[in-house]
Protein chains: 2
Amino acid sequence: MTVASRGPAPATYPVPHGAEQGGVVSRVTLQTIADRVGVSRMTVSNAFSRPDQLSAEMRRTILAAAADLGYVGPDPSARALARGTTGAVGVLLTESLGTAFLDPIAAAFFGAVAEELAPTGMAVVLLPSTSSEGMIPARDIPMDGALVYGCAGDYPAVDWLVRRRLPLVFVDGEPVAEASSVLLDERHGARLGAQHLLDLGHRRIGILTMNSTEPPGWAPDPAAAGSGFVARERQIGWVETLEAGGVTPVVMEVHDNAEPFVSQGARAILDGPERPSAVLCFSDLMAAAVVHAAEELGLRVPEDLSVVGFDDSPLARRLRPALTTVHQDFAAKGKAAAAALTSSIARFRAGEAPAPEEHRILVDLVVRDSTAPPRPA
Amino acid sequence: MTVASRGPAPATYPVPHGAEQGGVVSRVTLQTIADRVGVSRMTVSNAFSRPDQLSAEMRRTILAAAADLGYVGPDPSARALARGTTGAVGVLLTESLGTAFLDPIAAAFFGAVAEELAPTGMAVVLLPSTSSEGMIPARDIPMDGALVYGCAGDYPAVDWLVRRRLPLVFVDGEPVAEASSVLLDERHGARLGAQHLLDLGHRRIGILTMNSTEPPGWAPDPAAAGSGFVARERQIGWVETLEAGGVTPVVMEVHDNAEPFVSQGARAILDGPERPSAVLCFSDLMAAAVVHAAEELGLRVPEDLSVVGFDDSPLARRLRPALTTVHQDFAAKGKAAAAALTSSIARFRAGEAPAPEEHRILVDLVVRDSTAPPRPA
DNA sequence: GATCTCTTCTGTACCGATAAAGTAACCCAG
DNA sequence: CTGGGTTACTTTATCGGTACAGAAGAGATC
């Protein structure tokens, strides 16, 4: 096995002799090394953390002793306490982490965030929104700041983060005061989709979306929670534009992103008495479900039915027919979020007052093959 | 805004009066609260962490005072140091995090891990394999253990984790001694695919795979690194079976998972002098590229060309024709990995010797529409 | 040769908690 | 009224570092 040669500690690792005493391995700390070399603990600390504070030779001696003792580096937890920073930032999602990863939008966003954060050396901690046996990650995990992705502000975990006074950035969700936010121009995107259909001549238009308000008695579904803000914004854009064009859409809301619910919604919207000639969808996933349902009913897309998605997920291009959809730039979103967060953290460390930034990510309509003029009645 | 009612601290939060002194907010710690209530610091600690150690009434008094002072809960870093556990486990990937998320296999795996870990209250830290300005996440981030996903053992970051003596679990990669592992039965999966093609009657068979060995002078590509182990295993399975069937495959290796490289490889394998009638692919992604390349050459799948994928990613079912592929159970893999890790950590905490487990995840062949008997010459 | 300025180390004072052992008060049986 | 068992806190001793203000010695400056 090849051993890494980068990093301070030489590469003779699984053999920490010298640390054992009477069979018990007492833990090696800075003090152990200091005693061995005959310097103060502080000098050893500097050897690892501030190389400019000691002579190169002394540093070499110390690192050699450390390697010999099997010392890897300053204990991260102790360092975090002493320094007041952990080197990790949290990402909170409303959806269960399991489903979040299956969502290519979210995945692409994470990717961009991680990518942007990597050069700063910060790691990303995924915060389960669930808590258990007294452990509440949003409250108990050490971190320097957090990204709140698509969560409503009244979510318990968000609340903990806010109370901790951590630097926060809200993404795709309603921000709380004093925090930065990164939002899509949802309304504009929705308007573009709606206008596109109007321009093509459609007059009977359906909308398939997430529930924007919780029906009374509806327990907030973890998988759907948080989409409320986005759903509302999009709906405003759609309805605004359609009504300006003299069209009153048929709105169908589903409460859960999962396959069966979405399919059912898709079927429902096509099965109504006055079948729409076009459907605006909350997501590409829903659009795909609509296309599928149309197929089952013997309708051809786009000849018999036009379908507009949202997000321009990878799925949109792969679908047949390729989906007309509202494109959002995931990479830009992730980058903006990561940048806003690092700057918030920097401010916070410098003791400066928070300076909430508000980033708005541009969207545009990508016209592909799933939309066409309606078939003349 | 609704405020969470769970958790110890009452919900009157953004107003921490009492903490301010002369305009400066001195930090509120257990001691601050202890002084205010007139008890020892330890009692306050117990009020938060070990409710059974004090009277209910005293606890109420303390929590009230804490809330009044704007105290959220014990400082995570300090607690981590004192307790010796952080509540977070790392996940190390060789690929850059950015690309990892775009890979539905990896995403599904994470999802399953996160899901499995959630009830334990542990958070997942994503460790960038890159390091910067003295910060090496694998060495410097506090964590209780880590999952090593698809990384070669000689990877620098892996090396740091090993030296830290963290409980580790290796997934889809060569494990190091004393660590548990979760592996697919790669060879068996490859054999199934190869046998399927033989059974259909194919004799000219191509293999499109990742490079299993680094060509001399080839700088390890972060996006491809770590796939070597898996690539080798699969190749052994394929070649073994094909040769047993009297077939010598044409092997084409690509060095990078990215679109252009894969497409190029796909074209290359179909453009050769003796075009194969079937191709075994390292992944569904590659299979998709082969299907696409075939389309461009005017070949029909499966009539003119059979294609077998690997992994059974979501893509496989969506593709047209639906892909025959080797199915792996991501959820089981994630679950097994998470379980192995938590048990390793538990062992470690209890001071017991590590007991490496070796999980082997079953795979099977899913025959869909991309394979058929070869067209008679 | 006194003073200044580096460079290189050292001492002290935290960072904010927890574990484990100790103590005081109380209750009840014998 | 003595002794054993609880309950409810308190004491003491770390956990493993880092920041910052010296201090000691070596050159450099005038």
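What's counted below: heavy atoms across the whole structure, side chains too, no hydrogens, waters or symmetry copies. Below, chains carry the letters A, B, ... as their sequence lines are ordered, and counting in each starts from 1.
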Tell me if the side-chain of B/Arg41 makes a donor-acceptor pair with the base of C/dT18, cut-off 3.5 Å, by modelled atom types.
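It does, because a donor-acceptor pair links the side chain of B/Arg41 to the base of C/dT18 below 3.5 Å.
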Charged N to carboxylate O below 4.0 Å: is that the case for B/Asp35 and B/Arg41?
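Looking at B/Asp35 and B/Arg41, the cut-off is not met.
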Give B/Ser49 one of three labels, base, sugar-phosphate or nothing, depending on what nucleic acid heavy atoms sit under 4.0 Å from its own.
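B/Ser49: backbone/sugar contact only, no base atoms under 4.0 Å.
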Quick one: which of [options] gets closest to the side chain of [X]?
X: B/Thr43; options: D/dC9, C/dA17, D/dG17; value: D/dC9
X: A/Val39; options: D/dT18, C/dT18, C/dT10; value: C/dT10
X: A/Ser55; options: C/dG16, D/dG17, C/dC9; value: C/dC9
X: B/Thr29; options: D/dA19, C/dG16, D/dG17; value: C/dG16

What distance do B/Met122 atom CE and A/Asp140 atom CG have between them, rounded to the nearest 0.5 Å?
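Output value for this atom pair is 13.5 Å.
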Is the phosphate of [N], meaning OP1 or OP2, less than 4.0 Å from a side-chain N or O of [X]?
X: A/Arg27; N: D/dC15; result: no
X: B/Arg79; N: C/dG16; result: no
X: B/Tyr71; N: C/dG16; result: no
X: A/Ser40; N: C/dT10; result: yes

Can A/Arg60 and A/Ser55 be counted as having a side-chain donor-acceptor contact under 3.5 angstrom?
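Not at all, the side chains of A/Arg60 and A/Ser55 share no donor-acceptor pair under 3.5 Å.
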Does a donor on one side chain sit under 3.5 Å from an acceptor on the other, for B/Arg79 and A/Ser77?
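Result is no, nothing qualifies.
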Closest-nucleotide ordering on DNA chain C, the 5'-leading residue of B/Pro76 and A/Asp52
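Looking at the nearest nucleotide for each, A/Asp52 comes out on the 5' side.
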B/Ala78 or B/Met42: which one's nearest nucleotide on DNA chain C is closer to the 5' end?
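Its nucleotide being nearer the 5' end, the pick is B/Ala78.
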Whole angstroms only, please: what is the [atom1]-[atom2] distance between [X] and [N]?
X: B/Leu54; N: D/dT7; atom1: CG; atom2: P; result: 13 Å
X: A/Arg83; N: C/dC14; atom1: CZ; atom2: C1'; result: 16 Å
X: A/Leu30; N: D/dT14; atom1: CG; atom2: P; result: 18 Å
X: A/Phe48; N: D/dT18; atom1: CZ; atom2: P; result: 10 Å
X: B/Asp75; N: D/dG17; atom1: CG; atom2: P; result: 18 Å
X: A/Leu81; N: D/dT18; atom1: CG; atom2: P; result: 11 Å
X: B/Asp140; N: D/dG16; atom1: CG; atom2: P; result: 17 Å
X: B/Arg59; N: D/dT7; atom1: CZ; atom2: P; result: 17 Å

Mapping B/Ala82 and B/Ala56 onto DNA chain D by nearest heavy atom, which one lands closer to the 5' end?
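It is B/Ala56 whose nearest nucleotide is closer to the 5' end.
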For residues B/Phe48 and B/Tyr71, establish whether the separation of their ring centroids is below 6.0 Å.
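For B/Phe48 and B/Tyr71, the ring centres are under 6.0 Å apart.
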Would the distance check show the side chain of B/Ser180 and the main-chain N or O of B/Pro356 forming a donor-acceptor pair, the cut-off being under 3.5 Å?
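No, the answer is negative, given that no donor and acceptor are paired below the 3.5 Å cut-off.
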